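What follows is a short report on a single structure.
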Amino acid sequence: ETKGKHYELVCKNLLEILIVHLMRYSNAQIDVIASPRRINRECSLVKRYIDANYAEELHLDTLASLVHLNKYYLAHAFTETYGTSPMNYLNEKRIENCKELLATTDYKIAEIARLSGFSSQSYFSQCFLKSCGMSARAYRNSMANTRAPIP
């Protein structure tokens, strides 16, 4: 009645629960509980959440509770939708931010890792090397060498 935040989603989910209960009591066959469109919408919500909060400490449990899905199901659906797992997408997003900061700022590498959400500099170094094929310092140096001098 008050149409609070996300009331449409709440109503839709309550309707789905009601339908499942009715089908159980009538011994009807349940083919699909969650439609592909709903899953894509929830994966999209998780992706947008990661995009906005990548610098925070995020866990698969947190992302799954955000969209009210089992974490294993979310990981599978997200991977099917975007071709990468939610946690790999999070690391890719963090690495992209690090690359931007390495190319445009003089922050220390440890500070860049922290600002981008990595829990430790060593984990950041592993991820960066795996993703870019070079260390963060080498990447910064290569970006410095490719910038044109300002007249």
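Side-chain atoms are counted along with the backbone in the values below, which use heavy atoms only and exclude waters and symmetry mates. All figures in this text were calculated on a predicted structure; none of them were measured in a lab.
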Close side-chain approach of [X] to [Y], heavy-atom, < 4.5 Å:
X: D51; Y: Y89; value: yes
X: Y82; Y: S44; value: yes
X: F78; Y: K47; value: yes
X: K93; Y: N97; value: no
X: C98; Y: Y139; value: no
X: C127; Y: F118; value: yes

Worksheet item: Same cluster or not: are L45 and L90 linked, directly or through other Ile, Leu, Val, Met, Phe, Trp or Tyr residues, by side-chain heavy atoms under 4.5 angstrom apart?
Response: yes
Atom of [X], atom of [Y] and distance for their closest heavy-atom approach:
X: I95; Y: S131; answer: CG2-OG, 3.7 Å
X: I109; Y: Q121; answer: CG2-NE2, 4.0 Å
X: T79; Y: S85; answer: OG1-CA, 3.3 Å
X: T81; Y: N40; answer: OG1-OD1, 3.3 Å

Practice prompt. Please identify each residue that fulfils side-chain contact (heavy atoms from CB on, under 4.5 Å) with A138, with sequence neighbours left out.
Written response: M134, S135
In chain order, what residues pass the salt bridge (charged side-chain N to carboxylate O under 4.0 Å, His left out) check against [X], with sequence neighbours excluded?
X: E92; result: none
X: D61; result: K71
X: R137; result: none
X: E80; result: none

Using atom types as modelled and distance alone, determine if a side-chain donor or acceptor of [X] lies under 3.5 Å from a backbone N or O of [Y].
X: N53; Y: Y49; value: yes
X: S65; Y: T62; value: yes
X: R94; Y: Y54; value: yes

Within this structure, what is the [atom1]-[atom2] distance for the pair [X] and [Y], rounded to the nearest 0.5 Å?
X: I112; Y: T105; atom1: CD1; atom2: OG1; answer: 4.0 Å
X: F128; Y: L102; atom1: CZ; atom2: CG; answer: 5.0 Å
X: M87; Y: L58; atom1: CE; atom2: CG; answer: 6.5 Å
X: N91; Y: Y123; atom1: CG; atom2: OH; answer: 4.0 Å
X: H76; Y: L69; atom1: NE2; atom2: CG; answer: 12.0 Å
X: H59; Y: L63; atom1: NE2; atom2: CG; answer: 9.5 Å

Worksheet item: Looking at K99 and E96, does any basic side-chain N land under 4.0 Å from a carboxylate oxygen?
Response: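 Looking at E96 together with K99, the answer is yes, because their closest N to O distance falls below 4.0 Å.
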Worksheet item: For atom CG of D106, is the number of surrounding heavy atoms from other residues, nucleotides or ligands below 6.0 Å larger than 12?
Response: no
Discussion item. Taking side chain to side chain donor-acceptor pair (under 3.5 Å) as the definition, give me every residue that meets it alongside S120, ordered by chain and number, with sequence neighbours left out.
Written reply: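 S120 satisfies side chain to side chain donor-acceptor pair (under 3.5 Å) with S122 once adjacent residues are dropped.
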